[in-house]
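Have a look at the structure below before the remarks.
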Number of protein chains: 2
Amino acid sequence: MKSRAEQKEKTRRKLIDATLRLSAERGFATLSLREVCKGAGITPAAFYRHFRDMEELGLVLVDEVGLGLRELLRAARRRFQRRGGVARGSVETFIKYVTENPNLFRVLLGERQGGSNSFQKALHAEINRFVEDLTVDLERESRKAKRPLEEAGLAAEAICAVAFTVGAEVLDLPKHRRLDLTERIINEVNMILRGASLGGRRA
Amino acid sequence: MKSRAEQKEKTRRKLIDATLRLSAERGFATLSLREVCKGAGITPAAFYRHFRDMEELGLVLVDEVGLGLRELLRAARRRFQRRGGVARGSVETFIKYVTENPNLFRVLLGERQGGSNSFQKALHAEINRFVEDLTVDLERESRKAKRPLEEAGLAAEAICAVAFTVGAEVLDLPKHRRLDLTERIINEVNMILRGASLGGRRA
DNA sequence: GTTTTCGGTATACAAGTGTTTACTATAAGA
DNA sequence: TCTTATAGTAAACACTTGTATACCGAAAAC
């Protein structure tokens, strides 16, 4: 019940969870190593048994949030694809995930700025993966439906921008207003899809 | 030449500029009061002659960036409105401003997260003002052109999301790739405008 | 010309920071 | 069973943090 590796993994998770919890309030960038340790109920020195520094912890966080959400969205799009409402299904899944993992999501959105440190580079890469996923899906579906989507990449980029930007607001909203926001995003996504579906005058 | 008020304003600007400069690298949230003072070449205690704390300084920064950019964009839209390319003119102006005031812009984008502190509230309000401005413009133009825009508000929100999200990338790009990015944003904005211009099946 | 006001410095403080070192308890390996 | 490896603690380090106090010099007010 307390195999060594098992126990280590447990306190590793305590560190990650504490970071998630704390970074929800003040943002990951402002967290101190000691603060996280206190939140996890651990001595500062023990931190180094798990991570080299806060930056390394940050990278793990990015992976965590990225993997989960991306897989979820893929599944959502597959499920809804052949029932018309690609947008509705994906957006609803997205919002659900965001509201269920607010802390994880805050990290993902929080510090995407400045090309400097590796944390932000990882974040950027993660977000780009969403765009690529969506691009592939949009191209596939548009071919199948014989409703050609011009510039699927542009559409995907725009859709992700809207989802992440407007979607972030859901975190600070009382529950009863979340549905409205979801509908708004769905409409905006559909708007982009319409705009993309008939080819613009300038390629 | 050194009237008191005059001199005070001068060091006030030194503080603001130092903050802008420093926050470009690591983000405003991680800046310490002392650090800013060192950057401005003054004593920590002198800081309090100008601002109560870093938060108050932050609010001033938000105002600064918001005012400048908003006015600029208004002018740009007025200028280009009756020449077809609303999108092109506005986006180009926007990108130009961003590349000319990278630090200011980084602050504007950097810490828009978490509804908690007043800094972020101010930032959010500032961005909303962009959306409102654009909404009004879109409605006016669509009425004039007899090409009704349905849900101008949604379109404006989506356009701002795209501009701010994708536009942020320009900061970390070498000069020769900036034009590409600008074109990409223009296309995406036009995409949204097309999607908005013919009324969707679901209102 | 004298006094007042005030933007600035110098200094001190308690508290928090990242990191290192020596040590302990106990699971894993022989 | 004895030894080794290791996840954890405790304590110390040099340093930075925000803030308060006393003070200085010169512009402003009288």
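A, B, ... follow the sequence lines: proteins, then strands. Residue 1 opens every chain.
Nearest approach of B:Asn103 to B:Arg21, heavy atoms of both residues: ND2-CA, 3.5 Å.
In this structure, A:Gln7 places its CD atom 12 Å from P of C:dT26, rounding to the nearest Å. When the P atom of C:dA10 is taken as reference, atom NZ of B:Lys38 falls 13 Å away, rounded to whole Å. Between the CG atom of B:Leu31 and the C1' atom of D:dT16 there is a distance of 14 Å, given to the nearest Å. The separation between A:Arg34 atom CZ and D:dA14 atom C1' is 12 Å, rounded to whole Å. The CE-C1' distance, from B:Met54 to D:dG18, rounds to 12 Å in whole Å. A straight line from CZ of B:Arg49 to C1' of D:dA26 spans 14 Å, rounded to a whole angstrom. Whole-Å rounding puts the B:Lys8 NZ to C:dT5 P distance at 15 Å. Atom-to-atom, CD of B:Glu56 to P of D:dT19 comes out at 12 Å; the value is rounded to the nearest Å.
Under the 30°/60° scheme for interplanar angles, the aromatic rings of B:Phe164 and B:Phe105 are found to lie parallel.
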Subject >> B:Glu64/B:Arg13 under salt bridge (Lys or Arg N to Asp or Glu O under 4.0 Å): CA gap, chis, key distance, verdict >> reply: CA-CA 11 Å; B:Glu64 186 126 331; B:Arg13 276 243 62 91; 2.8 Å; yes

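Comparing atom distances between the A:Pro44 side chain and each of C:dT21, D:dA28, C:dT19 picks out C:dT19 as nearest. Checked against D:dG8, D:dA20, D:dT9, the side chain of B:Ala45 finds its nearest nucleotide in D:dA20.
Comparing B:Arg4 and B:Ser32, the nucleotide of DNA chain D nearest to each residue sits closer to the 5' end for B:Ser32.
Atom CD1 of residue B:Ile127 and atom SG of residue B:Cys160 lie 8.5 Å apart, to the nearest 0.5 angstrom.
Contact annotation: B:Tyr48 does not reach the phosphate of D:dA20 (side-chain N/O to OP1 or OP2, under 4.0 Å). Side-chain nitrogen and oxygen atoms of A:Thr11 include at least one within less than 4.0 Å of the OP1 or OP2 phosphate oxygen of D:dG8.
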